[in-house]
Amino acid sequence: MTVPGDITTVATTYGAILLGTCFGCALTGVVFVQCILYYKLYPGDYAWTKFLVFVVWALDLTHTILIIVTSWQSVITGFNKPQDMDLIPPALGLSVAVTAAVTFLVHCFFANRIRKLMKNWYIALPVIILAFCRLLAACCSTSEIIRLKHYSLFIRPYPAWIFTTGVTLSASVEIIITTTMIIFLGSRKTGFANMNHIINSLVLYTLETGSVTSIVTVASLICWLIMRHNLIFLGMHFAIAKLYANSLLATLNTRKRLRIDRMYSSEREHTGGLAAGLPYTGVNKSLVSVRSH
């Protein structure tokens, strides 16, 4: 099907939006479950951490509503109207800003963790500055999307470079955070096998959570750079906010298990491995209710 503008096929426009929305809604369900687990498992966390979780959840829910509205206006309202395939629903522009807001909050959270672990601002401060620049670029993209109202106008050199800059910064910050955490954790290895096992688990977990968000963000950027005449990049972009929210919540929710593993390893080292074959029942519940760092 040929339509006015640069958007030419139903499969790569409506199909990409619809699939992206379905996947995004599924991830929203995961975010909700993780929020319930967080408030249940960590009632003693700092108030600011609880507030951060609530804000991220609220933004994620808002993002889900916006992409559903986008899909409805594109697929249902625009049904059998090929001339409208080039129109950008206003909700789509707003979803870009919400995605950037979630990304910014999560990046600041991990930058703060890096600051506390390394006890300086040498890496954390540049990460926060880059994350803020990404937020500004996304807000500019949102304003241009709402102003131009057509995909064929938005993919022109300006303002396309603004969107490119924002997504590039997002991927770069995520890679910096993941690399920094892996290098730092690797440098903390000791001569104790059990402790090294926990550190290796942390490195693997950091790599897994960081690589998922990085891969999807980079994939969205590549599709945007080489296939601007379709909306495959947008379907992937719908998932970015949800993946960042899940990354934050997964990091918070695994603390208790990691603390128990650490206590178990410490007990094994003190007993010379004699407790390896015994069930572990010596955890004090008051010790595993740890505040977020």
Side-chain angles (χ1 to χ4, degrees), residues 1 3 5-35 55-103 105-106 138-139 141-142 144-146 148-152 154-155 163 166-167 170-171 212-224 227-250:
M1 177 186 295
V3 298
D6 295 315
I7 309 298
T8 58
T9 67
V10 173
T12 55
T13 54
Y14 292 165
I17 290 177
L18 188 59
L19 288 177
T21 301
C22 291
F23 187 62
C25 289
L27 289 175
T28 294
V30 178
V31 171
F32 179 73
V33 171
Q34 292 225 62
C35 285
V55 171
V56 168
W57 171 78
L59 288 173
D60 178 73
L61 182 61
T62 301
H63 181 266
T64 300
I65 294 172
L66 290 173
I67 63 176
I68 289 174
V69 171
T70 297
S71 294
W72 180 271
Q73 292 178 342
S74 298
V75 179
I76 305 302
T77 305
F79 179 74
N80 203 28
K81 296 178 182 178
Q83 69 276 8
D84 292 343
M85 291 180 68
D86 192 40
L87 294 177
I88 306 178
L92 175 57
L94 295 175
S95 73
V96 173
V98 174
T99 295
V102 173
T103 304
L105 291 175
V106 175
C139 291
S141 296
T142 294
E144 289 299 309
I145 289 173
I146 295 175
L148 295 174
K149 301 179 181 179
H150 290 83
Y151 291 110
S152 57
F154 183 72
I155 64 176
F163 185 81
V167 181
S170 179
V212 171
T213 50
S214 298
I215 289 172
V216 174
T217 304
V218 170
S220 177
L221 175 62
I222 292 174
C223 289
W224 161 253
M227 297 186 294
R228 292 186 184 179
H229 299 306
N230 62 51
L231 301 183
I232 294 177
F233 77 92
L234 191 59
M236 295 183 180
H237 195 270
F238 282 171
I240 292 177
K242 283 80 172 65
L243 291 173
Y244 272 103
N246 274 298
S247 175
L248 168 67
L249 290 165

Of all the heavy-atom pairs spanning [X] and [Y], show the shortest one and how long it is.
X	Y	result
S141	V96	CB-CG1, 4.4 Å
P90	I146	O-CG1, 4.4 Å
I67	T64	CG1-O, 3.2 Å
G93	I145	CA-CG2, 3.7 Å
L59	V98	O-CG1, 3.3 Å
I232	C223	CG2-SG, 4.0 Å

What distance do [X] atom [atom1] and [Y] atom [atom2] have between them, rounded to the nearest 0.5 Å?
X	Y	atom1	atom2	answer
S95	I65	OG	CD1	12.5 Å
I222	F233	CD1	CZ	14.0 Å
I240	L27	CD1	CG	11.5 Å
L92	K149	CG	NZ	14.0 Å
L87	H150	CG	NE2	4.5 Å
F32	D60	CZ	CG	11.5 Å

Are the side chains of [Y] and [X] in contact, using a 4.5 Å heavy-atom criterion?
X	Y	value
T70	T21	no
F238	I17	yes
V31	L249	yes
I155	W224	yes
R228	Y151	no
T103	T217	no

Side chain [X], main chain [Y], donor-acceptor under 3.5 Å:
X	Y	answer
T62	A58	yes
T13	V10	yes
T12	L231	no
T142	L94	no
S220	V216	no
T28	G24	yes
S170	V167	no
K242	C25	no

**OP:** Would you please indicate if the ring centroids of Y244 and H63 are separated by under 6.0 Å?
**Re:** no
Original post:
Relative to each other, are the rings of F163 and F154 parallel, tilted or perpendicular (30° and 60° limits)?
Top reply: perpendicular
